[in-house]
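All figures in this text were calculated on a predicted structure; none of them were measured in a lab.
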Amino acid sequence: MPAIKPFRKTGDPVDLTSESPLHPRRASRRIMVGPVPVGGGAPVSVQSMTNTLTADVPATLQQIAELTAAGCDIVRVAVPSQDDADALPEIVRKSPIPVIADIHFQSKYVFQAIDAGCAAVRVNPGNIRKFDEVGPAICKAATDAGISLRIGVNAGSLDKDLYAKYGGPTPEALVASALKEARMFEDVGFHDFKISVKHHDVITMVETYRLLASKGDWPLHLGVTEAGPAWQGTIKSCLAFGALLAEGIGDTIRVSLSAPPVEEVKVGCKLLEYMGLRPRKFDIISCPSCGRAQVDVIQLATAVTEGLKDVTAPIRVAVMGCIVNGPGEAREADLGVASGNGKGQIFIKGKVIETVPEDRIVDTLLEKANEIAAQMEADGLVPAGSTGPVVVPVTHTAAHAGHAA
């Protein structure tokens with residue numbers, strides 16, 4: 001098999017930082033996951049995990065391609081069997097983004113993943129057989145290959161002794177377990193790792209990461225484990241990640257949903273955009289349904305979102321259903337419509353360009369949005385990794401309260 005070119009070694013200098021507008025980023029050391037820096041002020045990266053059989057290389061690579069197109073920075077693949085481990089070299093070679101091997105129980109797969117050229121390996125010292133014996137060898141192999149590791153604790157796999165000592169998976173118990181695992185690596189001189197301390201409960205998760213962040217400078221991987229179906233998991237993840245990122249805590253994230261992995265990436269990317277940690281991309285602003293609306297706002301927003309789902313230029317489209325907030329919000333957007341009385345006023349950069357009948361609103365918005373997007377692409381203003389639209393509800397602000405009364 002031809003030699004695989006190694007990734008940039010962990011710790012190599014990278015002039016790439018990202019500050020939060022809400023709070024200074026927590027000072028953490030930087031590691032590398034392939035070419036993606038994690039920690040040390042680097043932009044918060046978005047991860048997901050394939051749900052294909054890793055041994056099915058075509059299916060796995062297809063899903064990785066879809067994740068990449070959605071804005072994923074790093075992908076994790078499960079390696080529970082020898083067939084999965086054997087598939088890693090081809091997956092690594094053909095993947096457009098860094099691949100992390102997710103390994104439990106069998107330490108031999110860790111070494112095989114390193115040999116395959118994986119950008120990093122996720123190991124769980126708590127369930128790797130005889131980790132005290134094989135841990136130093138894993139650290140040496142990772143050091144020699146110039147790759148990083150991820151260790152971490154899930155509430156469901158907490159060490160039994162710690163569970164008994166603390167009376168359950170409390171923040172103190174989870175952090176104690178993480179510190180124990182970190183010392184295993186640091187005692188043999190290995191520092192190129194990040195830590196996760198996941199819990200399904202938002203409050204416990206936030207308290208755990210806050211506590212861990214106060215104990216050292218490791219880069220932290222944020223996650224709400226077993227977050228649930230798409231709507232529930234999105235709410236949990238946004239609450240937990242938002243609280244921590246607003247405090248400067250967190251270097252890489254995975255939104256865990258009982259949904260297709262691409263949905264995880266879409267939520268993660270948009271979350272970082274709205275937190276000011278990624279450049280703004282394509283937004284659709286739409287007002288909530290209310291008794292003042294003189295058009296079907298839900299249908300209108302849905303039709304515009306569907307019609308513009310492939311547009312990735314960083315434009316903001318406002319779809320407003322009444323004359324209270326409509327004109328103001330539409331004028332603030334790159335493109336907008338304020339609807340009422342069976343017609344819609346179309347705005348571009350704050351100026352009314354035409355008024356159209358209600359049955360032409362959608363077609364007109366789609367036409368104008370595509371024209372703006374095409375011009376931005378021609379001008380080189382579409383960032384790499386841009387994603388499609390997400391509907392953003394707009395509430396009635398105090399500024400409009402007098403009109404709404």
Rounded to the nearest 0.5 Å, what separation is found between the [atom1] atom of [X] and the [atom2] atom of [Y]?
{"X": "Ile348", "Y": "Leu335", "atom1": "CD1", "atom2": "CG", "answer": "5.5 Å"}
{"X": "Asp83", "Y": "Thr54", "atom1": "CG", "atom2": "OG1", "answer": "10.5 Å"}
{"X": "Arg76", "Y": "Ile64", "atom1": "CZ", "atom2": "CD1", "answer": "12.5 Å"}
{"X": "Thr364", "Y": "Ile346", "atom1": "OG1", "atom2": "CD1", "answer": "5.5 Å"}
{"X": "Cys118", "Y": "Leu149", "atom1": "SG", "atom2": "CG", "answer": "11.5 Å"}
{"X": "Leu67", "Y": "Thr50", "atom1": "CG", "atom2": "OG1", "answer": "7.5 Å"}

- Task: Could you walk me through whether Gln375 and Glu371 pass side chain to side chain donor-acceptor pair (under 3.5 Å), step by step?
- Result: CA-CA 6 Å; Gln375 187 60 54; Glu371 289 176 2; over 6 Å; no

Would you check if the side chain of [X] reaches a backbone N or O of [Y] as a donor-acceptor pair within less than 3.5 Å?
{"X": "Asp363", "Y": "Arg360", "value": "no"}
{"X": "His199", "Y": "Met205", "value": "no"}
{"X": "Ser45", "Y": "Asp73", "value": "no"}
{"X": "Ser95", "Y": "Val92", "value": "no"}
{"X": "Glu264", "Y": "Leu257", "value": "yes"}
{"X": "Asp334", "Y": "Ile315", "value": "no"}
{"X": "Ser148", "Y": "Ile31", "value": "no"}
{"X": "Thr252", "Y": "Val38", "value": "no"}
{"X": "Gln63", "Y": "Asn51", "value": "yes"}
{"X": "Tyr109", "Y": "Gln82", "value": "yes"}

Kindly indicate whether the side chain of [X], heavy atoms from C-beta on, has any atom under 4.5 Å from the side chain of [Y].
{"X": "Met32", "Y": "Pro37", "answer": "yes"}
{"X": "Ser81", "Y": "Asp84", "answer": "yes"}
{"X": "Thr143", "Y": "Phe190", "answer": "yes"}
{"X": "Met49", "Y": "Val77", "answer": "no"}
{"X": "Arg26", "Y": "Leu220", "answer": "yes"}
{"X": "Val121", "Y": "Ile147", "answer": "yes"}
{"X": "Leu174", "Y": "Thr170", "answer": "no"}
{"X": "Pro35", "Y": "Pro98", "answer": "yes"}

Below 4.0 angstrom, N of the basic side chain to O of the carboxylate: do [X] and [Y] qualify?
{"X": "Arg30", "Y": "Asp192", "result": "no"}
{"X": "Glu207", "Y": "Arg210", "result": "no"}
{"X": "Asp283", "Y": "Arg316", "result": "yes"}
{"X": "Glu186", "Y": "Arg183", "result": "no"}
{"X": "Arg93", "Y": "Glu90", "result": "no"}
{"X": "Asp251", "Y": "Lys194", "result": "no"}

Looking at every heavy atom in both [X] and [Y], which two are closest together, and how far apart are they?
{"X": "Ala119", "Y": "Gly34", "result": "CB-N, 3.4 Å"}
{"X": "Val175", "Y": "Leu212", "result": "CG2-N, 3.8 Å"}
{"X": "Ala373", "Y": "Val311", "result": "CB-CG1, 3.7 Å"}
{"X": "Ser256", "Y": "Lys198", "result": "OG-NZ, 4.4 Å"}
{"X": "Leu158", "Y": "Ser177", "result": "CD1-CB, 3.8 Å"}
{"X": "Phe241", "Y": "Ile253", "result": "CE1-CB, 3.8 Å"}

- Only pairs at least two apart or in different chains count here, so list each side chain to side chain donor-acceptor pair (under 3.5 Å) that has a residue in residues 227-244.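 Output for this query is empty, none listed.
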
- Query: In this structure, are over 12 heavy atoms from other groups packed under 6.0 Å from Ile203 atom CD1?
  - Reply: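 It does not: Ile203 CD1 has 12 such atoms or fewer within range.
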
- Message: Taking atom CD1 as the centre, does Ile372 end up with more than 12 heavy-atom neighbours from other residues, nucleotides or ligands that are less than 6.0 angstrom away?
- Response: yes

- Establish, yes or no, whether the cationic atom of Arg29 lies under 6.0 Å from the six-membered ring centre of Phe193 and within 45° of the ring axis. yes

- Item | Arg254, Arg150, His221 screened by side-chain hydrogen bond (donor to acceptor under 3.5 Å, both in side chains) with Ser196, the one that passes |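 Testing Ser196 for a side-chain hydrogen bond (donor to acceptor under 3.5 Å, both in side chains) against Arg254, Arg150, His221 leaves exactly one candidate, Arg150.
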
- Item | From CA spacing to verdict: side chain to side chain contact (heavy atoms under 4.5 Å, CB included), Val356, Glu354 | CA-CA 6 Å; Val356 300; Glu354 63 180 305; 3.4 Å; yes

- Begin from the C-alpha positions of Gln112 and Asp86 and carry the test side chain to side chain contact (heavy atoms under 4.5 Å, CB included) through to its verdict. CA-CA 8 Å; Gln112 196 167 343; Asp86 292 341; 2.8 Å; yes

- Derivation of the side chain to side chain donor-acceptor pair (under 3.5 Å) call for Thr60 and Thr52: CA-CA 6 Å; Thr60 301; Thr52 57; 2.8 Å; yes

- Query: Can you check side chain to side chain contact (heavy atoms under 4.5 Å, CB included) on Asp102 and Val79, steps first, answer last?
  - Reply: CA-CA 6 Å; Asp102 185 270; Val79 187; 5.7 Å; no

- Which is it for Leu245 and Leu272 under the side chain to side chain contact (heavy atoms under 4.5 Å, CB included) test, yes or no, and what are the steps along the way? CA-CA 9 Å; Leu245 292 171; Leu272 294 181; 3.8 Å; yes

